[in-house]
Amino acid sequence: MTLFEELKRRGLLAQLTDEKEIKELINAGKATFYIGFDPTADSLHVGHFMALCLMKRLQMAGNKPIVLLGGGTGMIGDPSGKTDMRKMMTRETIEHNVECFKKQMSRFIDFSEGKALAVNNADWLLDLNYVDVLRDVGACFSVNKMLTFECYKQRMERGLTFLEFNYMIMQSYDFYRLFQDYGCNMQFGGDDQWANMLGGTELIRKKLGKDAYAMTITLLLNSEGKKMGKTEKGAVWLDPAKTSPYEFYQYWRNVNDADVIKCLKMLTFVPVEEIEDMEQHMEGAQFNKAKELLAYELTKLVHGEEEANKADAAAKAVFSGGNSADMPTTTLSGEDIPEGGIGILTLLVKCGLAASNGEGRRLVQQGGISVNDAKITDPQTMLQPEGELIIRKGKKVFHKVVMKG
């Protein structure tokens, strides 16, 4: 099975500028390709994970990845898929986030002996002369055409700033520079990046008269059409200090039945034939086995085998009625407990088990919350935590509350 065929069978391929050329290049290991990562936080998250896995698959087949860190584009913010303008970050914050990304990426990409590159577009974007860019690059872009792209159309009613309107030109210029400086002949990215990527191939064609290629991968959506990688607490991070290996494991262990096979295909390195065979026999307990495999494989990829084994053992201990030091924990002090105790709704929000009191109230009223194995049915319930409490949300989510002092 060729690499291209495997990507197809895993459901990763979305849009391609030239399927024949892309297939030939990546199957022969002759692609020098890049994926861009804007440093919007101090850790990568699940949204970046599929792109990193794609880079790893392509590198294993002999292709050369270029990680493009958006020290320059991060100063603007990509409007694609956003209903509001991104929060502006300082240059110091962006530089800090870039360094955090570099460290995490080395777990997935082999940067030894020229096998991959990590470059920062701040190196060229921050020194550009505005008039030169208008004359040299701006003349290659049609505003009429840009406004037909979905990434801009969806923002027109709420307001699209000129700042963000330039993002496509900046990303296109990145591809142009990487093509010239490093022989980069392909750009890969999420399906919401298609317009920006086409801008790059067009700029290279107009300025240099040469062909470059773009391919998007399917966005990781759940069966309800929403992006995966979010919890009540926010993003599922790859940094263990922000999302513990146990919480990371639990996120994947708790995916919907309808999503587990898709996640195994798109995110893991389990042989696709093995996954397709599992797919033919998915019923009852087989779903739980598939989820355990998914959770274990992804935790091993991100946090290493030792942490994956610990998270797997901890999860099984919790499910069998035991307790575990690796269970997600919230520590409270006396200051957190007013006289008369803490309300169950306040506690659920503090623990990240509900995003708001309203959501917590619905969980309680629907019978979804237990404390120390006692079901809570009254949203007005007050608790006096002593020692520790174990809160269970639904059948699968467990959380420990510990009193300090």
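Numbering starts at 1 and runs along the sequence shown.
Taking the side chain as every heavy atom from C-beta outward, V46 and W252 approach each other to under 4.5 Å. In this structure, V402 and K400 have side chains that are in contact, with non-hydrogen atoms separated by less than 4.5 Å. You'll find the side chain of K102 reaches within 4.5 Å of the side chain of V98, heavy atoms only. With contacts defined as side-chain heavy-atom distances shorter than 4.5 Å, the pair Y251/M228 qualifies. Counting heavy atoms from C-beta on, the side chains of E19 and L13 never come closer than 4.5 Å. Within the 4.5 Å cutoff, no side-chain heavy atoms of Q250 are placed close to those of V397. For the pair T330/I391, no side-chain contact is recorded, criterion being any heavy-atom separation below 4.5 Å from C-beta on. When side chains are defined from C-beta on, L238 counts as touching L52, because their heavy atoms get closer than 4.5 Å.
Although no hydrogens or angles enter the test, the distance criterion places a donor-acceptor pair under 3.5 Å between the side chain of T216 and the main chain of Q15. The main-chain N or O of I275 is never found under 3.5 Å from a side-chain atom of K265 such that the two would form a donor-acceptor pair. The main-chain N or O of V302 is found under 3.5 Å from a side-chain atom of R107 such that the two form a donor-acceptor pair. Using modelled atom types, no side-chain atom of T243 and backbone atom of F248 make a donor-acceptor pair closer than 3.5 Å. Remark: side-chain polar atoms of R253 are not paired, donor with acceptor, to backbone N or O of D312 under 3.5 angstrom. Remark: side-chain polar atoms of N121 are paired, donor with acceptor, to backbone N or O of G71 under 3.5 angstrom. Remark: the backbone N or O of K30 is paired with a side-chain donor or acceptor of N63 at under 3.5 angstrom. Remark: the backbone N or O of G394 is paired with a side-chain donor or acceptor of R392 at under 3.5 angstrom.
Listed by first and then second residue, the ring-ring contact (aromatic ring centres under 6.0 Å, His included) pairs that reach into residues 183-208 are F33-F188, sequence neighbours excluded. Within the structure, ring-ring contact (aromatic ring centres under 6.0 Å, His included) pairs that include any residue of residues 37-74 comprise F37-H48, H45-H48, H45-W237, H48-F101, F49-F108 (at least two apart or interchain). Residue pairs meeting the salt bridge (Lys or Arg N to Asp or Glu O under 4.0 Å) criterion with at least one member in residues 116-133, sequence neighbours excluded, do not occur. Residue pairs that meet the side-chain hydrogen bond (donor to acceptor under 3.5 Å, both in side chains) test with at least one member in residues 177-188, sequence neighbours left out, are Y34-Q187, Q171-Q187, R177-D181. Among pairs with a residue in residues 343-372, none fulfils ring-ring contact (aromatic ring centres under 6.0 Å, His included), at least two apart in sequence or across chains. Sequence neighbours left out, the pairs with a member in residues 290-302 that pass side-chain hydrogen bond (donor to acceptor under 3.5 Å, both in side chains) are D257-K291, Y296-N309.
For M50 against T218, the heavy-atom pair with the smallest separation is CE-O, 2.6 Å. Closest non-hydrogen pair, D239 versus A241, comes out as OD1-N, 2.9 Å. Q59 and A116 make their closest contact through NE2-CB, 3.6 Å (heavy atoms, listed as atom of the first residue, atom of the second, distance). The shortest non-hydrogen separation linking I337 to L332 is CD1-CD1, 3.8 Å. Among all heavy-atom pairs drawn from I261 and M278, the shortest one is CD1-CB, 4.4 Å. For the pair A14 and D191, the tightest heavy-atom approach, listed with the atom from each and the gap, is CB-OD1, 3.5 Å.
Taking 4.0 Å as the cut-off between side-chain N and carboxylate O, E24 and K20 count as a salt-bridged pair. We find that E6 and R9 are not joined by a salt bridge, their nearest charged nitrogen and carboxylate oxygen being 4.0 Å or further apart.
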Next item on the list: Given side chain to side chain contact (heavy atoms under 4.5 Å, CB included), test L117 with T32 step by step and report yes or no.
Entry: CA-CA 10 Å; L117 285 173; T32 298; over 6 Å; no
Check: Should K289 and Q286 be marked as a side chain to side chain contact (heavy atoms under 4.5 Å, CB included) after you check the CA-CA gap, both sets of side-chain angles, and the distance that decides it?
Finding: CA-CA 5 Å; K289 286 186 179 178; Q286 296 304 315; 4.1 Å; yes
Note to self: Assess the residue pair T17 and I22 against the criterion (side chain to side chain contact (heavy atoms under 4.5 Å, CB included)); give the C-alpha distance rounded to whole Å, side-chain angles, the decisive distance to 0.1 Å, and a yes or no.
What the structure shows: CA-CA 8 Å; T17 53; I22 291 172; 4.1 Å; yes
Next item on the list: For F141 and E202, run side chain to side chain contact (heavy atoms under 4.5 Å, CB included): C-alpha distance rounded to whole Å, both residues' side-chain angles, the deciding distance at 0.1 Å, then the answer.
Entry: CA-CA 9 Å; F141 287 83; E202 279 291 291; over 6 Å; no
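Around NZ of K8, the count of heavy atoms belonging to other residues, nucleotides or ligands within 6.0 Å does not exceed 12.
Between the CD atom in E247 and the NZ atom in K242 there is a gap of 12.0 Å [rounded to 0.5 Å]. Taking CG of L178 as the reference point, atom CG of D174 lies at 6.0 Å (rounded to 0.5 Å). Separation of atoms CD1 (I35) and CG (L68) is listed at 10.5 Å; rounding is to 0.5 Å. Atoms CD1 and OG1, on I26 and T2 in that order, are 7.5 Å from each other to the nearest 0.5 Å. With rounding to the nearest 0.5 angstrom, the NZ atom of K210 is 15.5 Å from the OG1 atom of T201. One finds the CG atom of L58 at 11.5 Å from the SG atom of C53 (value rounded to the nearest 0.5 Å).
Between the side chains of D110 and S112, a donor-acceptor pair is found at a separation under 3.5 Å. Under the 3.5 Å distance criterion, with hydrogens and angles disregarded, a donor-acceptor pair is assigned to the side chains of Q104 and S43. Counting only N and O atoms by type, the side chains of S356 and E359 include no donor and acceptor under 3.5 Å apart.
Taking the six-membered ring for Trp and thresholds of 30 and 60 degrees, Y173 and Y176 have ring planes inclined between 30 and 60 degrees apart.
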